Amino acid sequence: MDLKDKIKSLKIKLDALIVAHYYQRDEVVELADFCGDSLELAKKASSANNKLIVFCGVSFMGQSVKILSPDKNVIMPRLACCSMARMIDSSYFDMNIKKLQSLGVKKEDIFPMTYINSNAEVKAKVGAMGGVVCTSSNAKKIFDYALSLNKKIFFMPDRCLGMNLASDSGKKGSILGISSDDEIKNSDVICYDGFCSIHQLFSVSDIEFYREKYKDIVIVVHPECDPSVVKAADFAGSTSQIISFVSNLDEDVKVAVGTEFNLVNRLTKKNGNKNDIFVLSSSKPECPTMNETSLQDVYDVMKAFDDGMPYNEIELSNDCIENARKALNKMLELS
Ligand code: 13P
Ligand code: SF4
């Protein structure tokens, strides 16, 4: 039996659901029962009937399933981290709330909103303060809700998504550690200073390069890109929104896409010769941790589970789950 067949037979034996984020390697995506963006994966895996979820992605994604569905066993072939999620932890959260208080912002006037790319403890802090989670596909909707509360939004960890949302709604945004105290005090949206190192690779000069080369080229980017890049692009959207936007383009329209390499590469293959699809960067925008997971890892983690020696299983305290779930459930209600 080859590795794929061994995984398939373990899958049946364990009644497992294998899910993969779009940024995973092709071999993993091809084998998965379901592939999606972070919101779709959280919904699909947590509502599945299967007790065992094999999550091929980065840790915060597996944690989201455990938070929403604590009775499930969630195992990850690799406990890969998202470097952006690693930029904030619960102590940084507390420190920044204190910093805002020291600037005269009352705690009850702060509405915390965290991008799903954050660890479970940060989500728990947000949930305990009555805040909410968002993903790139529902960020606008959740942000509009947050604005309706007439509080100061503390957005974490992605300063780019936070500033993009603020500018999209004509609100004043600032960034902790970068903006002056006065700018922070006078802004509607205060962003934590986190970012995605992969989406930082796309620049306005890359867009200018392509626009000069192909007059009518369409530029598509993920909202984790810098606000200057999002402004200069024709469309910004989550992973799934990018896939559907590109798939619906008229034949022969050229498109340059500013997001993770595996996804763009797969789009190119899927698209056949319908459109010319370019990666919007001269360097390869590959998320190293998303790329860690191999088929061998998927097999190994499932075999160990079957042998009664599980590893890489997501475990969270009840307290953490309870508070983080408040923030995640609020997101699901709103989206
Ligand atoms: P999506 O919500 O679009 O899947 O994005 C997750 C992510 O990590 C993008 O870098
Ligand atoms: Fe995190 Fe960026 Fe990788 Fe997405 S692409 S998982 S935000 S490091």
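Remember, predicted model here, so these are calculated numbers, not experimental data. First listed ligand is number 1; within each ligand, the first listed atom is number 1.
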Looking at [atom], what's its closest protein heavy atom, distance included?
atom	answer
atom 8 (O) of ligand 1	N117 ND2, 3.0 Å
atom 7 (C) of ligand 1	E224 OE2, 3.5 Å
atom 4 (O) of ligand 1	H21 NE2, 2.6 Å
atom 4 (Fe) of ligand 2	Y23 CE1, 3.9 Å
atom 2 (O) of ligand 1	S38 OG, 2.5 Å
atom 1 (P) of ligand 1	T239 OG1, 3.2 Å
atom 5 (O) of ligand 1	H222 NE2, 3.4 Å

Check your understanding: Going through the checks in order, is the salt bridge (Lys or Arg N to Asp or Glu O under 4.0 Å) test met by K11 and D33?
Key -> CA-CA 10 Å; K11 200 180 96 65; D33 297 303; 3.0 Å; yes

Check your understanding: What do you reckon, does S136 put a non-hydrogen atom under 4.0 Å from ligand 1?
Key ->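 Per 4.0 Å heavy-atom rule, S136 contacts ligand 1.
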
Point to revise | ligand 1 contacted by Y23 (non-hydrogen, < 4.0 Å) | key: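 Yes, Y23 has heavy atoms under 4.0 Å from ligand 1.
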
Review point. Looking only at heavy atoms, what is the nearest atom pair of P285 and T259, with distance?
Key: CG-O, 3.6 Å

Practice item. Compare every heavy atom of D26 with every heavy atom of K269, then report the nearest pair and how far apart it is. Key: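 It is NZ-OD2, 2.6 Å.
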
Any side-chain heavy atom of [X] within less than 4.5 Å of one from [Y]?
X	Y	result
V246	I277	yes
L295	K4	yes
D188	K152	no

Check your understanding: Which atoms of ligand 1 have any heavy atom of H199 under 4.0 Å away?
Key ->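 Once the distances to H199 are compared, the set is 10 (O).
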
Exercise for review: Would you mind listing which atoms of ligand 1 come within a distance below 4.0 Å of any non-hydrogen atom of S238?
Suggested key: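 Atoms satisfying the 4.0 Å criterion: 3 (O).
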
**Study point:** Cut-off under 2.8 Å, centre atom 2 (Fe) of ligand 2, protein N/O/S atoms
**Key:**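 Listed by chain and number: C196 SG.
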
Review point. Does the pair K6/D2 count as a salt bridge with the N-to-O cut at 4.0 Å?
Key: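 Not counted as a salt bridge, because no side-chain N and carboxylate O are separated by less than 4.0 Å.
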
Review point. Would the number of heavy atoms belonging to other residues, nucleotides or ligands and lying under 6.0 Å from CZ of R86 be above 12?
Key: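 No, because the 6.0 Å sphere around CZ of R86 holds 12 heavy atoms or fewer from other groups.
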
Determine whether the side chain, the backbone, both or neither of [X] has a heavy atom under 4.0 Å from any heavy atom of ligand 1.
X	result
V58	neither
E260	neither
M84	neither

Review point. Can you name the one residue among V54, N312, I18, D300 that meets side chain to side chain contact (heavy atoms under 4.5 Å, CB included) with P77?
Key: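 Single pass found, and it is V54.
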
Check your understanding: Do K151 and F111 meet the cation-pi criteria used here (NZ or CZ under 6.0 Å from the six-membered ring centre, within 45° of the axis)?
Key ->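 No, K151 does not lie over the aromatic ring of F111.
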
Practice item. Answer yes or no on whether K254 is positioned over the face of Y214, meaning its NZ or CZ is under 6.0 Å from the six-membered ring centre and within 45° of the axis. Key: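 Because its charged atom sits under 6.0 Å from the ring centre and within 45° of the axis, K254 does stack over Y214.
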
Review point. With ring centroids as reference points, do Y192 and F155 lie under 6.0 angstrom apart?
Key: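 Between Y192 and F155, the centre distance exceeds or equals 6.0 Å.
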
Exercise for review: Take T239 and D37, measure what side chain to side chain donor-acceptor pair (under 3.5 Å) needs, and give me the verdict at the end.
Suggested key: CA-CA 6 Å; T239 312; D37 68 12; 5.5 Å; no

